[in-house]
Amino acid sequence: MRKIDIFDTTLRDGEQSAGINLNTAEKIEIAKQLERLGVTIIEAGFPASSPGDFEAVNRIAGTVKNSIVTGLARCVQKDIDTTWEALKVAEQPHIHVFLATSPIHMEYKLKKSPDEVVEQAVEAVKYAKKFFPLVQWSAEDGFRSDRDFLVRIITEVIAAGATTINVPDTVGYASPQEYGQLFTFLRENVRGADKVKFSAHCHDDLGMAVANSIAAIQHGADQVECTINGIGERAGNASLEEIGVAMHIRKDIYQVETGLNLKEIKRTSQLVSRLTGVVIQPNKAVVGKNAFAHESGIHQDGVLKHKETYEIISPELIGEEVVPLVLGKHSGRAAFRDRAITMGFDLSDDKLNKAFQEFKKLADRKKEITEEDLMTLLTEQQVSIEDVPLYELKSVQVSYGTENIPTATASVITPEGAVKTLAATGSGSVEAIFNTLEQLVNAKVNILDFRVKSVGKGRDALGEAVINLRYNGFTSTGRDAAQDVLEATAKAYLNAINRHLIQESIRAKQPTEV
């Protein structure tokens with residue numbers, strides 16, 4: 001069967017979603033999980049865009065071995081130089097350079113003539129080829145570009161050394177028939193088309209990103225670019241899990257294979273959702289919590305008699321398996337370590353000890369420790385930063401009554417090691433906590449988004465709080481979990497502040513020219 005390469009851009013295009021702000025440790029954790037999932041290429045970021053992105057791409061390139069790691073760059077020499085510095089440690093250095101080719105982009109954004117655009121693209125590919133054996137060139141807004149111009153510029157960049165040609169539907173304007181036909185046209189008219197891979201990159205503005213990507217595959221695309229849970233700018237990108245499972249379930253008509261380890265899909269989806277703070281809609285195909293739920297009596301009757309009456313995908317296919325409970329308050333450290341390794345975590349002894357301590361505390365309070373509880377505890381330790389002094393919540397107490405003014409009192413250990421006890425009131429318990437902790441940063445904090453959800457089921461479930469805030473011109477997202485949602489709220493607020501401190505530390509360490 002024909003092999004389709006899966007190019008995952010969760011860490012680049014996905015992270016450009018409004019409200020998502022991943023730090024380096026979180027990006028590394030996602031990259032390692034994408035490697036376990038079996039994606040062909042991981043687009044780890046845009047190295048020239050910020051010191052944080054540079055560090056993340058560099059660290060991922062040095063960590064991931066079984067997937068190709070790439071970085072995005074404009075068709076500018078400085079971007080290419082920076083990307084090479086970030087990726088030269090990779091097993092197979094790969095660069096993704098792009099330049100807009102549609103009339104509207106060339107005229108209003110680039111302010112360049114078509115001839116100038118061709119010249120810039122060719123020079124960039126030639127320069128990138130001096131360093132990178134694998135050079136992908138993208139025609140930004142390719143679908144809305146003039147077809148004859150696309151043939152011309154793609155022919156030129158192939159001659160210059162490009163190994164992959166990406167023709168994106170940047171604004172999600174295409175229909176499946178049109179997008180598929182574009183790949184047929186390019187394959188038939190571009191000189192050297194047989195020497196390169198063609199790639200599809202679709203956005204979901206009209207809800208057709210997955211359909212368009214599959215149409216491109218049917219018309220000769222060798223690679224599809226997608227994100228976990230379909231996250232991305234505006235309405236998002238094509239959903240990796242939907243494409244991967246569709247290719248498997250309908251192998252009879254598509255006759256292709258992706259090399260994905262489908263049993264890792266559920267875990268990958270949950271990890272990305274937890275670290276980005278982007279909730280998966282319940283009826284999301286493949287990974288939504290209702291994807292395998294049957295409420296209709298007719299459906300339930302059919303499934304009880306034979307699952308395939310209404311289930312074309314088995315939960316086991318994507319790793320949605322019932323894991324027997326093997327850990328409780330009497331479980332030892334060795335069993336806990338073994339379970340962590342089984343779940344795909346690779347924790348240092350210090351982080352494992354901290355996770356075990358939190359597990360023991362939770363086991364004393366909860367009747368059952370679920371897989372979701374363990375995922376939350378282990379993930380928080382895996383992505384924690386140890387070498388930057390941070391704020392730590394020692395205690396929080398809230399006084400609330402329908403006839404009284406809500407008041408919060410918090411004791412916090414500062415990065416300098418001192419203990420501060422603060423108090424403030426608010427119109428509600430959550431606002432009182434926010435007003436109390438705001439005193440730590442000595443600046444006005446704007447809460448952009450705040451939500452709490454349960455982790456697992458039952459009245460004793462963990463509550464996970466996610467907060468997106470802005471202060472001193474910076475936006476930061478924090479999250480944490482606890483059995484008490486008010487404690488989780490306070491921890492999430494401090495986590496957002498700590499993430500800002502971490503980013504400041506990274507910026508201070510990086511050369512100013514990066």
Side-chain angles (χ1 to χ4, degrees), residues 8-37 39 42-47 49-64 67 69 71 86 227-229 231-232 240 264 267-280 340 343-348 351 354-355 374-388 390 449 455 464-469 474-481 488 491-507 509-510:
D8 181 273
T9 185
T10 301
L11 296 174
R12 200 277 300 169
D13 212 340
E15 206 214 1
Q16 291 175 197
S17 303
I20 294 180
N21 180 22
L22 297 169
N23 62 34
T24 298
E26 291 164 338
K27 288 184 178 182
I28 291 172
E29 189 59 26
I30 291 174
K32 286 159 62 177
Q33 180 57 32
L34 292 172
E35 183 181 25
R36 283 190 286 268
L37 179 60
V39 305
I42 299 171
E43 188 165 46
F46 190 167
S49 66
S50 72
D53 248 28
F54 178 92
E55 185 199 33
V57 173
N58 180 248
R59 294 272 302 278
I60 291 169
T63 302
V64 170
S67 298
V69 180
T227 62
I228 300 299
N229 300 333
I231 63 173
L240 183 151
E264 292 290 337
R267 170 173 158 75
T268 311
S269 171
Q270 290 176 325
L271 180 69
V272 170
S273 175
R274 179 165 287 116
L275 294 183
T276 59
V278 177
V279 178
I280 303 168
M343 293 174 66
F345 290 95
D346 181 19
L347 295 167
S348 66
K351 287 188 174 184
K354 290 179 181 177
L374 292 175
M375 177 75 75
T376 300
L377 295 178
L378 292 166
T379 299
E380 290 307 314
Q381 287 302 322
Q382 185 87 312
V383 301
S384 64
I385 305 293
E386 297 177 318
D387 59 350
V388 180
L390 303 172
D449 187 32
V455 177
E464 184 176 58
V466 179
I467 183 170
N468 186 235
L469 54 79
F474 292 95
T475 300
S476 185
T477 301
R479 69 179 183 283
D480 215 312
K491 286 182 173 180
Y493 189 102
L494 290 179
N495 181 248
I497 295 174
N498 287 336
R499 288 164 70 87
H500 175 60
L501 294 178
I502 291 167
Q503 290 303 313
E504 282 189 331
S505 174
I506 292 172
R507 282 191 288 269
K509 293 177 183 177
Q510 289 291 337

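Small disclaimer: the values here were computed from a predicted structure and weren't measured.
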Enquirer: Side chain of Asp53, backbone of Gly45: donor and acceptor closer than 3.5 Å?
Expert: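 Checked: no pair found.
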
Enquirer: So do the side chains of Val39 and Leu240 get within less than 4.5 Å of each other, counting heavy atoms only?
Expert: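 Yes, close enough: below the 4.5 Å cut-off.
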
Enquirer: Taking the side chain as C-beta and beyond, is there a heavy-atom pair between Ser17 and Val278 under 4.5 Å?
Expert: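 A side-chain contact is absent here, since even the closest heavy-atom pair is not under 4.5 Å.
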
Enquirer: Could you work out, with side chain to side chain contact (heavy atoms under 4.5 Å, CB included) as the rule, every residue matching Ala481, not counting sequence neighbours?
Expert: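 With sequence neighbours excluded, Ala481 shows a side chain to side chain contact (heavy atoms under 4.5 Å, CB included) to Thr376, Glu464, given in chain and number order.
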
Enquirer: For the pair Thr10 (side chain) and Gly14 (backbone), establish whether a donor and an acceptor sit closer than 3.5 Å, ignoring hydrogens and angles.
Expert: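 Flag not set: sc Thr10 to bb Gly14 has no pair under 3.5 Å.
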
Enquirer: At their closest point, which heavy atom of Ala31 faces which heavy atom of Ile42, and how far apart are they?
Expert: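 For Ala31 versus Ile42, the nearest heavy atoms are O-CD1, 3.6 Å.
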
Enquirer: Restricting to side-chain hydrogen bond (donor to acceptor under 3.5 Å, both in side chains), what partner residues turn up for Asn468, sequence neighbours left out?
Expert: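 Once residues adjacent in sequence are excluded, the partners of Asn468 under the side-chain hydrogen bond (donor to acceptor under 3.5 Å, both in side chains) criterion are Thr477.
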
Enquirer: Taking C-beta and beyond as the side chain, do Met375 and Phe345 meet within less than 4.5 Å on heavy atoms?
Expert: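 Met375 reaches Phe345 side chain to side chain.
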
Enquirer: Who pairs with Ala496 by side chain to side chain contact (heavy atoms under 4.5 Å, CB included), at least two apart in sequence or on another chain?
Expert: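 Residues passing side chain to side chain contact (heavy atoms under 4.5 Å, CB included) with Ala496: Ile467, Leu469, Ser476.
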
Enquirer: Just so I know, are the side chains of Lys32 and Gln382 near enough to count as touching, which here means a heavy-atom distance under 4.5 Å?
Expert: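 In contact.
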
Enquirer: Can you measure from CD1 (Ile280) to CD1 (Ile231) and round to the nearest 0.5 angstrom?
Expert: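 If we round to the nearest 0.5 Å, Ile280:CD1 and Ile231:CD1 are 10.0 Å apart.
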
Enquirer: Check salt bridge (Lys or Arg N to Asp or Glu O under 4.0 Å) between Arg267 and all other residues, then give those that pass, not counting sequence neighbours.
Expert: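 Scan of Arg267 (salt bridge (Lys or Arg N to Asp or Glu O under 4.0 Å), adjacent residues dropped) gives none.
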
Enquirer: If you draw a 6.0 Å radius around CZ in Arg59, do more than 12 non-hydrogen atoms from other residues or ligands fall strictly inside?
Expert: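 Open: at most 12 neighbouring heavy atoms sit under 6.0 Å from CZ of Arg59.
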
Enquirer: Distance-only, no hydrogens or angles: does the Asn23 side chain make a donor-acceptor pair with backbone N or O of Ala25 under 3.5 Å?
Expert: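 Yes, because the side chain of Asn23 sits within donor-acceptor range (under 3.5 Å) of the backbone of Ala25.
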
Enquirer: Which residues pass the side-chain hydrogen bond (donor to acceptor under 3.5 Å, both in side chains) test with Glu15, not counting sequence neighbours?
Expert: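 Glu15 satisfies side-chain hydrogen bond (donor to acceptor under 3.5 Å, both in side chains) with Lys27 once adjacent residues are dropped.
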
Enquirer: Excluding sequence neighbours, so at least two apart, what forms salt bridge (Lys or Arg N to Asp or Glu O under 4.0 Å) with Asp346?
Expert: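 For Asp346 there are no salt bridge (Lys or Arg N to Asp or Glu O under 4.0 Å) partners, ignoring immediate neighbours.
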
Enquirer: Glu26: which residues meet the side-chain hydrogen bond (donor to acceptor under 3.5 Å, both in side chains) condition with it, sequence neighbours left out?
Expert: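 Arg479, Arg499.
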
Enquirer: Could you work out, with side-chain hydrogen bond (donor to acceptor under 3.5 Å, both in side chains) as the rule, every residue matching Thr9, not counting sequence neighbours?
Expert: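 Once residues adjacent in sequence are excluded, the partners of Thr9 under the side-chain hydrogen bond (donor to acceptor under 3.5 Å, both in side chains) criterion are Glu43.
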
